[in-house]
There are 2 protein chains.
Amino acid sequence: MAKKTVKPEVLGGFIDILPREAIAQNALFSMISEAYEAFGFVPLDTPSMERVEVLTGGDDDFDKSIFVAKIVRGAEDRGSSYDFGEGESFGLRFDLTVPLARAFSAHSNDLPRPFKRYQIGKVFRGERQQKGRFREFYQCDFDIVGSDSTMADVEVIQVMEGVMTKLGFTEFVIRFNSRNILNGLAEVLGCGERSNEVFRIIDKLDKIGLDGVVTELQRKPDNEWDESALALSEEQADKVKAFLAIKPGDNDRTMSELKDFFKGQAGVCQKGIAELAYMIETLRAIGVDESHWSLDLSVARGLGYYTGPVFETVLTDKPELGSVFSGGRFDGLTNRFIPDSNIPAVGASVGLSRLMVAMKEKGLLPEKDNVTDVLVTVFPSAGQELLSAKTAKAIRDNGFNVELYYGQDNSLRAQFSYAAKRGIPYAVVIGPDEAKEGKLQLKDMNARNQEVLTMAEAIAKLKGSLGK
Amino acid sequence: MAKKTVKPEVLGGFIDILPREAIAQNALFSMISEAYEAFGFVPLDTPSMERVEVLTGGDDDFDKSIFVAKIVRGAEDRGSSYDFGEGESFGLRFDLTVPLARAFSAHSNDLPRPFKRYQIGKVFRGERQQKGRFREFYQCDFDIVGSDSTMADVEVIQVMEGVMTKLGFTEFVIRFNSRNILNGLAEVLGCGERSNEVFRIIDKLDKIGLDGVVTELQRKPDNEWDESALALSEEQADKVKAFLAIKPGDNDRTMSELKDFFKGQAGVCQKGIAELAYMIETLRAIGVDESHWSLDLSVARGLGYYTGPVFETVLTDKPELGSVFSGGRFDGLTNRFIPDSNIPAVGASVGLSRLMVAMKEKGLLPEKDNVTDVLVTVFPSAGQELLSAKTAKAIRDNGFNVELYYGQDNSLRAQFSYAAKRGIPYAVVIGPDEAKEGKLQLKDMNARNQEVLTMAEAIAKLKGSLGK
């Protein structure tokens, strides 16, 4: 076999998640799963690859960059690679929503309605190389498919609140609005057909301020192909100003100002008002802490596909991170697969990387390189390792994570240093003297003291100290 | 946007893991992780894609089929797809061992020695379409990198035993042997250079029997290019027969027959004998149940890269499944990346799909479509849903997984049927009468009876019944 030396490098845009990070990530995933399951959401696991047509929706205007794979046999022989037809165009998923829609469409007879599922998995984006942009990352979604009840929208807010609380956050607010309100505004402005452009600009409020929003709404086309310019009149711009002057804070006041704004106006805005009023009433009746949610008319969410309530979550002591948990209602989820099925759906997705940044700063995630409770050292004279191995098993059988030392340097000093460096809280020494008395030495690595104890005493001490 | 209807199909060789299966899979993964962590193994998470050269090792003879991806922008425009140079040849990993070797080589200064890691993740194989062959599946590996101590080999057996026991198996045996013994046999046969061919044939013993093995070892080349034929002589074949006549069962007898077989023979076989003798002595000293492990000289494991002890796990009541947990020592793990580094490594990988088949048959995995403890129904008259939503929150806040009903058909009959179909053990009814008295009706869906209880009484009953 002709072999050469290969550089041990990852691809650009990909990362190794080393144990310290992976331990924190596992803890995060398990807290999020528990919070989802508390509301009866069940896991679904779909393939990493889908037919390319499933990902693009057969949409000629599809403009995302995706990974498309083919099967290659052997190392270099790209010429003899299997080619794939339309049925075998392997595309790596770029989110978990399209796979949900595909799987729900395929298995709708076997799934309950509403179908409440969560999924934690890796997604792939064909981003151009850029600092801080990853081509593979985790998403963590939950969705309710098949219910158009506003109670489902309320539940999404409850689940988001449940997750944030479970993760240990106290200073956060889930801001919500409804696309029906924004569509009503577009109607008032007389530009209903271009409502998505209006939302896209309003969504920038946090970044460019009210003046910036107004300037952009009034911008005239640069040339005849400039379709993004809305060129709103002074009068139209004033209406947007009046709308955005309705500030969040006191939900009753916001609601009353909203009703005033749309007074005498029929149609979709009244649907939005009824929706939001019901959500506020229900959140209060259920007793969801009102400091954790807020009606906020500036919430638009950029994505075109939302059709009802939209949600985002801001850390009030770290607003600069932007939304850490966002979602909304998107009725029509499965229309790509089952035309005119108009299945209602509502859900949200955790912004994992932002959340992890915040949790690390607040000390809400474990910061440790190992999961070991006790290192059992091996006394550095011949034949002692059997005694140590037996002792390790006995402690492990009591429910602790126990490592037996078998590194190259077997001096006791090296063994203690191994435990200290890895942050292992306890070390056990068992030499011929201790063995003769049926005892062991338990060393508290943090307090830097040791006691000679029987096994039963050691287990009791570990249980008390480590809370197992 | 021009859109068309897309078939909601998965790609051939890929599957949706629906909730019933995903709940079982999550339970399995969490038990396996806990069993690995009990020995101090820590999680590592590497990218799904690696540089193609990393996967093939720059080996011209590399003959696996792998997925190679490129980035495509837009739906159809394959012409304008970004091309990738050698540095950006995205290859989907086909196992978790190559990524471990790559990651350990890249981060060796930041990782302890020994480095004990586990990884659970999806791997991708460019298999030709074939029933029961998947192109994406999970692997679940653990490895000890950087220790050549036989104590590490013993620990691998202990971990395997720990996992199998944690999963609820009692009827299993971890069979082990050493490549040093098989290399010794190849030396005795005088075909040391072709030892891998010898092992490959011996590995078929379970399938083709002793006669089949002997026939294949004696097979003469069909033509001048037939390199796999060993054409052993009668005398050589007799030696293999004598070797394979050493049966497993009583470890002391097997060991003594093994010593006799190699009597007077120096070299690698004596290293193997010392290794195996130490493993047996240590497993006994530690107290690992001897019905769960066995020295078995027929264990060869097909793969060429093992260099010391090899392990496989057979369910004694289902031997037809083959090995459900296999591994071995493969010193030289990182040589592809760091020439002559000769880092020792030993580990094993769970055969997940076989294991799941066995666990399902034995009832060792949850078989349920949901994780919900209680369904709170909504009394079908106006305005009752707020009371139900509040009740659901109160029960959930006590640590239970609680669903509020908001399906389309809101008759109580439909709501109970929803609970029954999904296997939810308890339903709560709270109507105006119960509310007035500050009580609720708790219905046991299995026993088909109900009681009117206070919230405190209901919580106490649920805690007792569901063990939370």
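What's counted below: heavy atoms across the whole structure, side chains too, no hydrogens, waters or symmetry copies. Throughout, protein chains are lettered first and strands after them, A, B, ... in sequence-line order, and every chain is numbered starting at 1.
Residues B:Leu18 and A:Leu44 are in side-chain contact: their nearest non-hydrogen atoms beyond the backbone lie under 4.5 Å apart. Annotation: side chain of A:Arg336 is not in contact with side chain of B:Thr5 (no heavy-atom distance under 4.5 Å). Two residues are said to be in side-chain contact when any heavy atoms from C-beta on lie closer than 4.5 Å; B:Thr46 and A:Ile17 fail this criterion. For the pair A:Arg396/B:Phe39, a side-chain contact is recorded, criterion being any heavy-atom separation below 4.5 Å from C-beta on. Proximity of B:Asp369 to A:Val42: side-chain heavy atoms (C-beta onward) are nowhere separated by under 4.5 Å. Side-chain contact between B:Lys116 and A:Glu403 is present, with at least one heavy-atom pair separated by less than 4.5 Å. The shortest distance between side-chain heavy atoms of A:Arg51 and B:Lys7 falls below 4.5 Å. Considering only heavy atoms from C-beta on, B:Phe104 stays 4.5 Å or farther from A:Pro8 through its side chain.
Only the backbone of A:Ile15 comes within contact range of chain B, with heavy atoms under 4.5 Å apart. For B:Pro114, the parts lying near chain A are the backbone and the side chain together; criterion is any non-hydrogen pair under 4.5 Å. With a threshold of 4.5 angstrom between heavy atoms, A:Gln158 approaches chain B through side-chain atoms but not through N, CA, C or O. Only the side chain of A:Ser149 comes within less than 4.5 Å of a heavy atom of chain B; its backbone N, CA, C and O stay farther away. Using a 4.5 Å cut-off between heavy atoms, A:Leu387 makes no contact with chain B at all. For B:Phe400, the part sitting under 4.5 Å from any heavy atom of chain A is the backbone (N, CA, C, O) and nothing else. Heavy-atom distances place no part of A:Phe134 under 4.5 Å from chain B, backbone and side chain included. A:Glu136 touches chain B through its side chain: at least one heavy atom from C-beta onward sits under 4.5 Å away, while N, CA, C and O do not. Residue contact with chain B, scored on non-hydrogen atoms closer than 4.5 Å, involves the side chain of A:Gln408 exclusively. Proximity to chain A (any heavy atom under 4.5 Å) is restricted, for B:Ile144, to the side chain, taken from C-beta onward. Of the two parts of B:Asp373, neither the backbone nor the side chain holds a non-hydrogen atom closer than 4.5 Å to a non-hydrogen atom of chain A. For A:Leu92, the part lying near chain B is the side chain, with the backbone staying farther off; criterion is any non-hydrogen pair under 4.5 Å. For B:Glu9, the parts sitting under 4.5 Å from any heavy atom of chain A are the backbone and the side chain alike. Residue contact with chain B, scored on non-hydrogen atoms closer than 4.5 Å, is absent for A:Asn335. Heavy-atom distances place the side chain of A:Tyr278, and not its backbone, under 4.5 Å from chain B. The part of B:Leu111 that comes within reach of chain A is its side chain, from C-beta onward, which places non-hydrogen atoms under 4.5 angstrom from that chain.
The distance from the CZ atom of A:Arg135 to the CD1 atom of B:Ile71 is 4.0 Å, given to the nearest 0.5 Å. How far CG of B:Asn401 is from CD of A:Glu37: 6.0 Å, rounded to the nearest 0.5 Å.
Taking all atoms of both residues into account, the shortest heavy-atom contact from B:Leu386 to A:Ala285 is CD1-CB, 3.8 Å. Residues A:Ala389 and B:Met151 share a closest heavy-atom pair of CB-CE, 4.1 Å.
With B:Arg113 contributing its side chain and A:Gly407 its backbone, the two residues share no donor-acceptor pair below 3.5 Å.
Using cut-offs of 30° and 60° on the angle between ring planes, the pair A:Phe14 and B:Phe90 is tilted.
Counting heavy-atom pairs under 4.5 Å between each of A:Phe337, A:Tyr418, A:Tyr406 and chain B puts A:Tyr406 at the top.
In summary, of the residues considered (B:Phe115, B:Tyr118, B:Phe41), a side-chain contact (heavy atoms from CB on, under 4.5 Å) with A:Pro19 occurs for B:Phe115 alone.
For A:Arg102, the salt bridge (charged side-chain N to carboxylate O under 4.0 Å, His left out) test picks out A:Glu50, B:Asp16, with sequence neighbours left out.
Ion pair A:Asp45/B:Lys122 flagged as a salt bridge, since at least one NZ, NE, NH1 or NH2 atom sits closer than 4.0 Å to an Asp/Glu carboxylate oxygen.
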